[in-house]
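Scroll down for the structure; my scribbles are underneath it.
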Amino acid sequence: MDQTLDSISEALRSFVDKIGKLSTFFIIPLVFITMWDVFCRKFITLQIWLVENFGRIFESTLLQELEWHFHTALFLMVLGYGFTHNRHVRVDFIRENLKLRKKIWIDFLGTSILMIPWICVLIYFSFIYVRESFIINEVSASLVGLSHRWVIKSFLIAGFLLSLLSGIAVWLQTFILLFGSRDYRLNPMTIDLPEVQEGNQ
């Protein structure tokens, strides 16, 4: 039983990790677009010439919207990765002084009561948000902004789904540590490995 749950947890972690690592490539266009936007602001005549000869893709408004689109996509798609690698924000001034089993209980209750249910709520409302944007063919509030606003909004659903999977992966691990065999060893995500190797105290 422990091994089955751990295998599911590891499969979820592996999937979230792969998507998270691939999503880091959003930083490449983000950096180049930001650099180009800054450059064009210093040489406004060049930007005007580019717009007139090559199209509105070189307009400052489009570039700025592309910047926050890529930034949003990057942020949302690595949320789950951050959680499975214990890089999320944690108030440790209390937790760090607790015994191992209490730390596990905090993670178990946190994912059970707070993380997983609330992410499900976020996914539900994100779906409505994206659906309405798609139906009305929402575009930028700016007259010269980007169209198809539902595309970037759909990253809310994808990002929260990945976060949900990471939450389930951690929940399964804490369940094993709390209620499984004391002799079973796993590769923990949010609990320090040396402490786990010493036993579930």
- Item | Residues, nucleotides or ligands: over 12 heavy atoms within 6.0 Å of His85 NE2 | yes
- Item | Heavy atoms of other groups near Trp68 CH2, more than 12 under 6.0 Å | yes
Distance, nearest 0.5 Å, that separates [atom1] of [X] from [atom2] of [Y]:
X      : Y      : atom1 : atom2 : value
Leu5   : Ser9   : CG    : OG    : 9.0 Å
Ser163 : Leu76  : OG    : CG    : 8.0 Å
Asn187 : Gln173 : CG    : CD    : 7.0 Å
Asp107 : Met115 : CG    : CE    : 10.5 Å
Glu67  : Thr34  : CD    : OG1   : 4.0 Å
Leu22  : Thr24  : CG    : OG1   : 7.5 Å

- Please work out whether the ring planes of Phe179 and Phe108 are parallel, tilted or perpendicular, with thresholds of 30° and 60°. perpendicular
Shortest non-hydrogen contact between [X] and [Y], atoms and distance:
X      : Y      : value
Phe127 : Ile157 : CA-CD1, 3.6 Å
Asp17  : Tyr81  : OD1-CD1, 3.5 Å
Gly20  : Val78  : O-CG1, 3.7 Å
Thr84  : Met189 : O-CB, 3.2 Å
Met77  : Gly159 : SD-N, 4.0 Å

For residues [X] and [Y], determine if any side-chain heavy atom of one lies less than 4.5 Å from a side-chain heavy atom of the other.
X      : Y      : value
Leu186 : Ile176 : yes
Leu178 : Arg101 : yes
Leu164 : Ile123 : yes
Phe26  : Phe155 : yes
Ser140 : Glu65  : yes

same_hphob_cluster([X], [Y]) at 4.5 Å side-chain heavy-atom cutoff:
X      : Y      : value
Val151 : Val139 : no
Val38  : Ile28  : no
Ile152 : Ile135 : no
Ile136 : Leu146 : no

- Item | side chain to side chain contact (heavy atoms under 4.5 Å, CB included) between His69 and Arg149, intermediate numbers included | CA-CA 10 Å; His69 278 208; Arg149 183 58 62 84; 4.1 Å; yes
- Message: Tell me if a side-chain donor or acceptor on Glu138 pairs with a main-chain N or O of Glu132 at a distance below 3.5 Å.
- Response: no
- Do Trp36 and Phe32 have their ring centres less than 6.0 Å from each other? no
- Query: Where do Thr111 and Phe83 land on the side chain to side chain contact (heavy atoms under 4.5 Å, CB included) test, with the steps shown first?
  - Reply: CA-CA 11 Å; Thr111 51; Phe83 186 60; 3.9 Å; yes
- Task: Examine the side chains of Asn86 and Thr190 and answer whether a donor and an acceptor come within less than 3.5 Å of each other.
- Result: no
- Message: Using the rule given for side chain to side chain contact (heavy atoms under 4.5 Å, CB included), can you reason through Phe70 versus Phe25, listing the C-alpha separation, both sets of side-chain angles and the distance that settles it, and then say yes or no?
- Response: CA-CA 10 Å; Phe70 280 112; Phe25 284 101; over 6 Å; no
- Task: Apply side chain to side chain contact (heavy atoms under 4.5 Å, CB included) to Asp6 and Leu172, showing your working.
- Result: CA-CA 7 Å; Asp6 191 24; Leu172 287 171; over 6 Å; no
